[in-house]
Amino acid sequence: MIPELGQFALVLSVVMAFLLGTVPLLGTLRHKVVWQSLARPAALLQFVLVSLAFACLASSFLSNDFSVKYVAEHSNSLLPKPYQFAAVWGGHEGSLLLWVLMLSGWTAAVAIFSASLPLVMVARVLGVLGLVSVGFLMFILTTSNPFDRIFPMPADGRDLNPLLQDPGLVIHPPMLYMGYVGMSVAFAFAIAALLSGRLDAAWARWSRPWTVIAWAFLTFGIGLGSWWAYYELGWGGWWFWDPVENASLMPWLVATALIHSLMVTEKRGSFKAWTVLLAIAAFSLSLLGTFLVRSGVLTSVHAFASDPSRGVFILIFLAIVVGASLTLFAWRAPAVTLGGSMGLVSRESFLLLNSVLLVVATGAVLLGTLYPLVIDALNLGKLSVGPPYFNLVFAPLMVPLLFVLVPGTVSHWREARMSDVFWRLRFVGAGAVLLALVLPFALGSWSAGTMLGIFLGMWVALGSLQHMVERLRKPGRIGGSFWGMHMAHFGMAVLVLGITGVKSYEVERDVRMAVGDTVTIAPYTFRLVGVEEVMGPNYKAVQAKVEVLKNDQVIEVLSPQKRRYFSTAMPMTEAAIDSGLLRDLYVSLGDPVAGDTPSWSMRVYYKPFVPWMWAGVLIMVFGGVLAALDRRYRRNTNQQSVRTAGEALSGTA
Amino acid sequence: MKKTLLPLVLFAALVAFLGVGLMRDPSEIPSPLVGKPAPAFSLTTLSGDKPFSPADMLGQVWVFNVWATWCVACREEHPLLVQFSKSQRVPIVGLSYKEIQAGDQAAGALSEEAKLQLARQRSLKFLKIAGDPYKLSVMDLDGRVGIDYGVYGVPETYIIDKQGIIRYKRVGPVTPEVLIETILPLIQQLDTPA
Amino acid sequence: MKHLLIVCCLVAMSGWTHAGEAQPMAQDPQVEARLLVISEELRCLVCQNEALSSSHAELAEDLRREVRKLIRENKTDAEIKTYLVERYGDFVLYKPPLKPLTWPLWFGPFILFGLALVGLWRYLRLRKQLPSSRLDATGRAQAEQLLKD
């Protein structure tokens, strides 16, 4: 009953999305205000319907309804309740429903928080979002219906993949999708602007907070994914340049460029065509990511089970959405005016350089990800492009980006003098160079890469700090935008320092340990004190107890496990991590080793500065949220309060 | 107008490549050994007679089939191979690849000699039930010869010509279509004197 | 009683002598170190995009064993890679070899960067020459007049 209700809700959603996607847009063409005003209610109703469908699927999971094929494939009666809920998006069909839920959510949010926008604009933006929803909902209904029944109903489900039975699954995909899908809002604004022929500063100002919030979610989602891989996979890696990871990084890079470009369009009316193109590109990369993950075109640990028919649908959808957008761009973009003049050295030119570097980096990642496919399609053989390539190509592009970040924030609009800029930054530069020279010796070893990493991290961190201190000395209120920008930059610096630190100074020991044995990574000693069997709700595990000593004091006891889930025969390593401010201690339990005394293979890692990586990401996210909540964007609420205050004062309330 | 058309053109090219990519299998690895001499080895056989080496087959076209009793996909092609062997068209030599796997509970503590015996036992039992298409089978217990031949999964099948050059490699079970459309014509071609 | 005490001490001591510094899993740490570096750049052929260093697949174990053997024979990194490429093709390398087939891959990003910088330079030169949008004296007076009204 409930699955059928869910399916019905989905069908109604498509109808509603179709209405949303056509009537308001026609209303803008034919200047019919009534049709345009249908946009907001349709958007809200669509959200309600998709939520209902999602709730039905969640209910099927939580009530262990294994007559639903998707539930039977991804759940199990022994699965703990939170994972039963998260299993809703554990597979292809459900994760698409999550996508659509997020999309209708963002659409509804735009409908609610757009009081200060002209109705014509709202109609266009919501209309475009509606059309995108139609595509996804049709995809779900025709090829990936989560509500399909299975007959005969199995006694129990196949269980959720043990790798996914983790808090990470509960939070990473929703956050990531919020980011991916959020790019659709910037996209819709850009298309709306192209359709109206008005690409002005106002459009940029409306777009910006939506883009920044989506960017913040995307940053958080990517960071979570990285962190999850780090503690889940058992050997401390956190980025593999896997096609699916790249599929999330590319929209992020372009979104970052977009935010900075919007800034220029908003303040100076420049770069309009470029900004619109970036907005289209960001969402296109989101869609491309969806295609890559679900079509089976590339091999990846993250890929959903692939099906060529699904791949074809998404490709056609991608071709239509992006093709139509780029056609519209080709047609309408040249009609845009150029905006004010700018000097060779100016904040604008620095921001343009930012765009260039980020877009080239995106291009490099795209090239590396798709090259094997291109070579295969041309029948020229089979290649692999992996981390060695990406590391070699990506890092050199990030170096100038981080370097110009600081002068960019310090330069004046329109015209700036390099000598002035660098004079202002003399202490920052000196500080960064000094720290880059001194710290490696304090930390143990020296290498050019380490020095460069520390220099860039400190350059950005000190630059942001100096700017914030200088500004605090001046009078006047400081907006969220300012804090947000510097927080985000500072977070980036902390991330860079974290990455430099761990890559330069991490230590791994791969040893066999019997009870009582120790292994030392100065100044820490790890002692195995016992190994026992423990039971989990749906697994059995071998658990080691490892004491961590510093200066002969036990500072922590770690319990790494090797689990065997009942449902699959797959063994799973659960690493144990002790996180401190400056380092992680990471212990992973391996297989028993043959010998006279019972021993186990253990991997012990000393990972300095890893917590800084996660902290850096969180600071960036926080900065994004601060920037998006800047009061400038919520001026209509101020108008409300001014109006009511005025009425109260004049006694006309 | 021209400059702003560029993104669309690039995108169209991308879609074309992705479309073609949909029809390919990204995990199938073509063999670099096609056109090269079959790597030499000398392995003991299933029946325990004198060791076999590819040089023994010089002067005739032959099929080299990689299999194991634990391989489920091999069972798909096995009846076809048995059928084909009855035609006596070309000899089929089997490579028993890693018959004793790493996680094998029963065989864990055995000596190398005992493992070989167990592998022989299992293979002979299987061939007795399912039919024996092989002129002979060599025992590659540790997978070394497999690596030399670029084996990465089972089953895999090679066609080797009279001069000992590998002419074709099939990854995955041999299907009737592959046999009729590719393998037989190739054997015909290789058999015809120059 | 005294005998029991001695026996207890001996038993306790034997336990003690077992507990020591853990031995490395690897037979030969030098070889393992080289293996780790090389296998990070090699692909596990039967996995869904994993490096040879971290994969648990059986073929990966076998290939690591082969690489160890080659390291012990003092083969260079290049020779080891060639050994694997001869058998499995370029697919096994995570770092694509530099050859005409991969020139677009390796040079592409840097060419793109160069072109972008050139484009940026030309664009900025162009923008610099545009008339300023600043108001001149009469325009300024006009604006002030408008504001007063």
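As the structure is a computational prediction, the values presented were derived from the model and not from experiment. Order of the sequence lines sets the chain letters (A, B, ...), proteins ahead of strands, with each chain counted from 1.
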At a heavy-atom separation under 4.5 Å, does [X] approach chain C through its side chain, its backbone, both, or neither?
| X | result |
| --- | --- |
| Phe240(A) | neither |
| Leu397(A) | side chain |
| Thr520(A) | both |
| Val593(A) | side chain |
| Ser601(A) | both |

Original post:
Quick one: of Ser300(A), Gly363(A), Ala364(A), who has the most non-hydrogen atom pairs under 4.5 Å with chain C?
Top reply: Ser300(A)
Original post:
Can you tell me how far the CD atom of Glu348(A) sits from the CG atom of Leu124(C), to the nearest 0.5 Å?
Top reply: 9.5 Å
Original post:
How many angstroms lie between atom CG of Leu93(C) and atom OG of Ser384(A), to the nearest 0.5 angstrom?
Top reply: 7.5 Å
**OP:** Check the surroundings of atom CD in Glu73(C): do more than 12 heavy atoms from other residues, nucleotides or ligands lie under 6.0 Å from it?
**Re:** yes
Original post:
Should we count NZ of Lys267(A) as having more than 12 external heavy atoms under 6.0 Å?
Top reply: yes
Original post:
Taking it one step at a time, do Tyr123(C) and Trp274(A) satisfy side chain to side chain contact (heavy atoms under 4.5 Å, CB included)?
Top reply: CA-CA 12 Å; Tyr123(C) 177 74; Trp274(A) 179 245; over 6 Å; no
Subject >> Contacts of residues 41-63 of chain C with chain A (heavy atom under 4.5 Å) >> reply: Glu41(C), Arg43(C), Cys47(C), Gln48(C), Asn49(C), Glu50(C), Ser54(C)
**OP:** Anything in residues 98-121 of chain C with a heavy-atom distance to chain A below 4.5 Å? Please list those residues in order.
**Re:** Leu101(C), Thr102(C), Pro104(C), Leu105(C), Trp106(C), Gly108(C), Pro109(C), Phe110(C), Leu112(C), Phe113(C), Ala116(C), Leu117(C), Leu120(C), Trp121(C)
Original post:
Looking at Leu392(A), Val385(A), Asn391(A), which one forms a side-chain contact (heavy atoms from CB on, under 4.5 Å) with Lys95(C)?
Top reply: Leu392(A)
Original post:
Do any of residues 351-361 of chain A come closer than 4.5 Å to chain C, heavy atom to heavy atom, and if so which ones, in number order?
Top reply: Leu352(A), Leu353(A), Val356(A), Leu357(A), Val360(A)
Original post:
What pairs meet the salt bridge (Lys or Arg N to Asp or Glu O under 4.0 Å) rule with one or both residues in residues 359-382 of chain A, with sequence neighbours excluded?
Top reply: Asp376(A)-Lys382(A), Asp376(A)-Arg24(B)
Original post:
Could you go step by step and tell me if Asp517(A) and Glu21(C) meet the side chain to side chain contact (heavy atoms under 4.5 Å, CB included) rule?
Top reply: CA-CA 6 Å; Asp517(A) 281 351; Glu21(C) 186 72 17; over 6 Å; no
